[in-house]
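Each remark here refers to the structure printed beneath this line.
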Amino acid sequence: MNDQIIKKMQQIVGNEWVVTDTDKVSSYCEDETEKAMKPKVCTDCVVVKPANTEEISQIIKYANDQKLTVVARGGGTSLSGAAVTIMPSIIISMERMNKIIEVDESSLTVECEAGATLLDIVELFNQHDSLYFPIHPGDEGAQVGGMIVMNAGGVRAVRYGVMREQVKGLEVVLPTGEIIYLGGKLIKNNAGLDLKNLIIGSEGILGIVTKATLALKPKDKYSGSLLVSFNDESDAVKAVTEIFKNGIKPLAIEYMEKSSILRAAEDIGMTWPSSVGNVDLYFIVSERKEDDLYEMYEMIVGICEENNAIESFVAESTKEQRTLLEIRSHVYPSMQKNLVDAIDAAVPIKNLAKYMQGISKIATKYNVEISTIGHIGDGNMHNSIQTEDAQKPENYDNLADEIFKLVVECEGAITGEHGIGKVRNDKLKIQFSEKELSLMKAIKNVFDPNNILNPGTAL
Ligand SMILES: Cc1cc2nc3c(=O)[nH]c(=O)nc-3n(C[C@H](O)[C@H](O)[C@H](O)COP(=O)(O)OP(=O)(O)OC[C@H]3O[C@@H](n4cnc5c(N)ncnc54)[C@H](O)[C@@H]3O)c2cc1C
């Protein structure tokens, strides 16, 4: 990286907050995307660690004047290559901007800097009597800013929605260096076009989020987990539809192919409490009153039995609940050595059975293993494509195209939470018309006329 750029960065943030050492810089150039899918990484970068919004504004103004590429860096947990640097770049690491500014109990909000991690937030509210932050994508190293621009989801979206539903206000540095403030603690706000909702889910290409005000939820006193096994995947899907129809809203409903969950348990030397059937539904339930919790168990089991469930298991003790969660969390790591790609399409629940049958046919046609686990409660399934050596098969592009066409046929979206990043750009045209894509590109151009912010991402 050019010396002049490094000197300018040192002037803005101070020498000790500019990283140029090649090994250290490299660790900021990648994210958690599977090896077979990861774009070619460029490490000719400088890492800058600003202390505040004003410093970010100065860095961006300079980069925009000089037409230099800038990539914001959160926790680096993206699974779609969004945080990977593919050209010489100034990497703005948000790690020093991690303060929790205010918990406002009367507005049920928390205000924090964008570099606060999910772990910081979880730990803060573990100590709180009555409030918590409900969104939990799988990796607690993710930062608030990253979660906002990736519109993170996770297992609890069934009851509380995704990140978009939690973001009340934002402070953003635009790609031209100006600072803007969007939203606030309001419940109703109809003034002007909704720029806040454009930034949420923008994958870091429209601005750098520096502060956020997020909604909190009251804590439930009682919680538990319930596991129900089925022979047939379409019975499991039907049961979920019936559960919603009956007004039941668990915190999470996860769908798991038995073979994947048993493999994950074996991998970490634990035992999954059910060995019968081909698929499991894993419910996490929480209620304010103990009686309501038991009533919910009964209703869920009743509906599942009406839909041919073959076994159910209630995890009442904290130890049993932790075991289920630990094994569920290990499904993804247990596939790593064979994993080529994890497609995270979302389809309306009514079309899930059709989608899963289509996936099975595609797996047979291309002779690959595709295992399905995912957040069935919001229709966001994760199809993990695996081969013996974790390399893409030769015809991989055709295989992926067939899956995405199936998604669109099922009225779905080609990604439900991981985003387009730098790995699915060429698939957007399967879901969107030329007009829709040209509108998205025009919006990027209005925000970022010199295309300095994370080019090659999201579009
Ligand atoms: C094991 C595991 C499980 C996961 N499970 C889920 C899941 O269930 N649901 C889910 O939604 N996700 C999941 N993820 C994905 C991941 O956690 C999210 O994408 C996360 O929201 C990214 O946050 P980050 O801070 O790590 O961002 P990074 O990976 O650092 O960056 C991602 C993108 O955000 C941009 N960015 C980062 N910070 C800012 C900022 N302050 N302003 C503007 N742009 C910024 C970057 O430039 C990049 O484009 C999982 C990841 C892992 C590793």
Side-chain angles (χ1 to χ4, degrees), residues 134-138 152-162 224-262 264 272 274 277-286 296-297 299-313 315 324-325 327-329 331-332 335 342-360 370-384 403 406-407 410-418:
I135 301 297
H136 197 292
V155 297
R156 295 180 194 149
V158 180
R159 187 181 285 176
Y160 294 115
V162 294
S225 305
L226 175 64
L227 200 65
V228 187
S229 305
F230 295 81
N231 276 326
D232 191 321
E233 63 190 22
S234 47
D235 286 333
V237 174
K238 180 100 191 305
V240 172
T241 329
E242 290 299 317
I243 284 165
F244 289 146
K245 266 209 250 164
N246 279 273
I248 303 168
K249 269 271 157 110
L251 199 57
I253 314 178
E254 294 288 283
Y255 170 98
M256 289 163 307
E257 276 179 9
K258 200 66 162 224
S259 52
S260 304
I261 197 76
L262 293 181
W272 188 248
S274 153
N278 296 315
V279 299
D280 286 347
L281 291 180
Y282 168 26
F283 298 86
I284 304 177
V285 288
S286 76
M296 195 184 246
Y297 285 149
M299 285 166 75
I300 293 174
V301 171
I303 292 170
C304 288
E305 283 174 353
E306 279 163 23
N307 286 282
N308 307 320
I310 49 174
E311 187 179 83
S312 61
F313 167 81
L324 293 185
L325 204 56
I327 299 173
R328 164 65 184 91
S329 307
V331 171
Y332 183 67
M335 290 173 183
I343 288 176
D344 74 314
V347 301
I349 299 174
K350 69 170 178 131
N351 291 338
L352 266 176
K354 175 180 169 186
Y355 177 67
M356 291 197 266
Q357 282 150 15
I359 291 286
S360 299
I370 307 183
S371 50
T372 301
I373 63 158
H375 315 314
I376 191 171
D378 50 51
N380 181 202
M381 300 310 260
H382 291 28
N383 304 113
S384 299
I403 293 184
L406 172 68
V407 170
C410 293
E411 302 164 56
I414 63 173
T415 166
E417 54 185 19
H418 299 162

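Scanning both residues, E417 and G154, for their nearest heavy atoms gives OE1-N, 2.8 Å. Closest approach of L281 to A236, counting heavy atoms only: CD1-O, 3.7 Å. Nearest heavy-atom pair across I414 and V407 is N-CG1, 4.0 Å. Heavy atoms only, all atoms of each residue included: I300 and P250 are closest at CD1-CG, 4.3 Å. A342 and H418 make their closest contact through O-ND1, 4.3 Å (heavy atoms, listed as atom of the first residue, atom of the second, distance). Closest approach of M296 and V285 over heavy atoms only: SD-CG1, 3.3 Å.
Summarising the geometry, atom CG belonging to L227 is positioned 4.5 Å from atom CG belonging to D280; distances are rounded to the nearest 0.5 Å. From K238, atom NZ reaches atom CG of L352 across 14.5 Å, with rounding to the nearest 0.5 Å. Summarising the geometry, atom CD belonging to E242 is positioned 7.5 Å from atom CD belonging to E306; distances are rounded to the nearest 0.5 Å. Rounding to the nearest 0.5 angstrom, the gap separating the CG atom in D378 from the CD1 atom in I349 is 7.0 Å. I376 CD1 to M381 CE: the interatomic distance, rounded to the nearest 0.5 Å, is 4.5 Å. Between I310 atom CD1 and F230 atom CZ the span is 9.0 Å, to the nearest 0.5 Å.
At a threshold of 4.5 Å between non-hydrogen side-chain atoms, the residues E233 and E257 do not count as touching. Side-chain contact between I373 and Y332 is absent, with no heavy-atom pair separated by less than 4.5 Å. Here the side chains of V331 and I261 are in contact, with some heavy-atom distance below 4.5 Å. Side-chain atoms of M356 and Y255, non-hydrogen and from C-beta on, do get closer than 4.5 Å to each other. Inter-residue side-chain proximity for I303 and I248 is flagged as met; some heavy-atom pair is nearer than 4.5 Å. Inter-residue side-chain proximity for I403 and I370 is flagged as met; some heavy-atom pair is nearer than 4.5 Å. For the pair W272/L324, a side-chain contact is recorded, criterion being any heavy-atom separation below 4.5 Å from C-beta on.
Put simply, the side chain of N383 never gets that close to the backbone of T372: no donor and acceptor are under 3.5 Å apart. Without hydrogens or angle criteria, N307 side chain to D235 main chain gives no donor-acceptor distance under 3.5 Å. Panel note: side chain N380, backbone D344; a donor-acceptor pair is recorded below 3.5 Å.
Side-chain polar atoms of N351 and E411 form a donor-acceptor pair below 3.5 angstrom.
The side-chain contact (heavy atoms from CB on, under 4.5 Å) test with Y282 singles out one residue from V155, L226, I327, L325, and that residue is L325.
Taking S286 as the reference, R159, D220 meet the side-chain hydrogen bond (donor to acceptor under 3.5 Å, both in side chains) condition, with sequence neighbours excluded.
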